[in-house]
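Here's the structure, in structure tokens; my notes come after.
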There are 2 protein chains.
Amino acid sequence: MTTAREMFHQHGVRGVGIEAITEAAGTNKMTLYRHFASKDDLIVECLQRAAKESYLKWDELERQYPGDPKAQLHSWIENAAECISGDWRGCEMANTAVELADDDHPAKRVIEEVKKNHRNFLAKLCARAGLDQPELAADMLGLLLEGARISRQSEGQEGPSARFKRMAEEVIATVGGLADKA
Amino acid sequence: MTTAREMFHQHGVRGVGIEAITEAAGTNKMTLYRHFASKDDLIVECLQRAAKESYLKWDELERQYPGDPKAQLHSWIENAAECISGDWRGCEMANTAVELADDDHPAKRVIEEVKKNHRNFLAKLCARAGLDQPELAADMLGLLLEGARISRQSEGQEGPSARFKRMAEEVIATVGGLADKA
DNA sequence: CGTCGGTGTTACCGGTCAGTAACTATCTGG
DNA sequence: CCAGATAGTTACTGACCGGTAACACCGACG
């Protein structure tokens with residue numbers, strides 16, 4: 001199943017077949033179909049596992065710097081930057097959303113929920129950090145990250161996504177961070 | 001061919017077949033294959049047409065407010081916001097880049113070139129508008145747009161992408177716009 | 001009138017892929 | 001040692017899709 005996530009991410013959910021996944025995982029199709037009803041089901045469960053990982057990571061991020069929301073925010077930036085600079089192919093969620101043009105696909109609900117939670121988490125961090133416009137800052141950080149992950153797939157590692165960290169710092173410093181100067 | 005672009009955009013390049021395209025265009029497969037060598041070829045030419053449209057739009061944008069780079073910048077924001085709010089499914093280029101996991105695909109070169117040109121165009125506008133940090137502002141505007149277009153596919157029209165205009169204005173006002181206050 | 005470039009039509013090939021069936025092997029717990 | 005659950009194997013179906021072949025059609029131009 002970890003293999004499934006890797007392959008879905010690497011080649012896209014539409015670009016890899018069940019057989020290739022099971023083969024790479026050292027098993028076969030039948031075993032997989034005894035655990036998952038369909039390929040769509042497998043996709044959904046992969047995304048849900050990814051979602052759970054994200055939630056854990058956010059929790060850990062808060063626990064790492066208790067009572068210091070500014071540090072939490074910077075840690076988030078650090079974390080996000082790592083997501084971009086790796087050899088990863090963007091965001092599992094966003095990529096899948098692009099590939100699954102059908103709005104009725106069950107995976108879409110998972111994706112939407114995670115993205116909404118991410119936004120709320122960011123807004124919470126921004127508000128706690130005392131930013132002047134936490135909602136605006138959260139939206140900007142979220143979209144900058146989303147854009148950076150996509151841009152990496154269009155322009156490669158040397159594109160604008162390489163400057164993500166600086167941009168994010170700029171956002172919390174100037175956009176919502178007027179409280180610093182007050 | 002216009003039909004091809006619409007359908008590629010609506011269902012994704014991997015999600016629609018040649019037959020569906022030709023049928024929707026009121027013709028058939030053979031006629032298409034007499035003009036295009038392969039599906040990949042069709043994709044590339046569609047993207048190149050999209051690229052040409054973008055270049056024309058940028059030129060028009062500069063011609064619309066000659067000698068007034070600030071107005072050009074705001075007009076760019078307006079234009080970008082329209083791209084998001086429509087019923088469109090994100091950016092043709094970025095979506096295709098996500099779908100075509102293979103880095104060697106000829107379409108990737110087209111996409112990369114357009115994105116680079118877009119970034120340079122933005123940087124030029126920002127510099128001419130007298131922004132303090134034109135490169136940084138251009139990167140941010142570009143990634144915000146990219147992120148907004150992707151977010152629309154994950155979170156729908158009501159998500160952060162709805163606030164794109166405000167974010168972009170904030171960027172040129174505070175991030176690179178210190179020249180205003182000087 | 002003839003022929004020639006472009007178009008439409010039908011049928012087909014080869015490949016891939018999701019999903020299933022039937023059978024066998026292996027390991028478990030009692 | 002036996003029973004039952006789990007996993008492996010092979011082969012298959014049915015559908016879709018990219019691409020091609022062969023042939024009939026129609027308009028233009030000489």
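Chain A is the first sequence line, chain B the second, and so forth, proteins listed ahead of strands; every chain is numbered from 1.
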For A:Glu92, the option from A:His9, A:Arg149, A:Arg5 that meets side-chain hydrogen bond (donor to acceptor under 3.5 Å, both in side chains): A:Arg5

In terms of ring plane angle, is the pair B:Trp58 and B:Tyr55 parallel, tilted or perpendicular, where the classes change at 30° and 60°? perpendicular

If I take atom NE2 in residue B:His11 and atom P in nucleotide D:dC17, what distance separates them, rounded to the nearest angstrom? 12 Å

How many Å lie between CG on B:Leu32 and P on D:dC17, as a whole number? 15 Å

Could you state the atom-to-atom distance from CD1 of A:Ile18 to P of C:dA18 in whole Å? 5 Å

Whole-Å distance, B:Ile21 CD1 to D:dC16 C1', equals 15 Å

Take A:Glu169 and A:His74 through the side chain to side chain donor-acceptor pair (under 3.5 Å) test and state the conclusion after the steps. CA-CA 8 Å; A:Glu169 298 284 359; A:His74 286 287; 3.0 Å; yes

Go through the steps for B:Glu170 and A:Gln133 under the test side chain to side chain contact (heavy atoms under 4.5 Å, CB included), then give the verdict. CA-CA 11 Å; B:Glu170 192 79 10; A:Gln133 311 182 68; 3.1 Å; yes

Can you tell me the distance, in whole Å, between the NZ atom of B:Lys39 and the P atom of D:dG19? 8 Å

How many Å lie between CG on A:Asp41 and P on C:dT20, as a whole number? 12 Å

note: B:Glu23, atom CD; D:dC17, atom P; distance rounded to Å ~ 11 Å

What integer distance in Å separates B:Tyr33:OH from C:dC13:P? 18 Å

Looking just at side-chain N and O atoms, do A:Asn95 and B:Glu99 make a donor-acceptor pair shorter than 3.5 Å? no

Just by protein heavy atoms under 4.0 Å, how would nucleotides 5-10 of chain C read 5' to 3' in B, S and -? --BBB-

If only atom types and distance count, is the side chain of B:Gln72 paired as donor or acceptor with the main-chain N or O of B:Tyr65 below 3.5 Å? yes

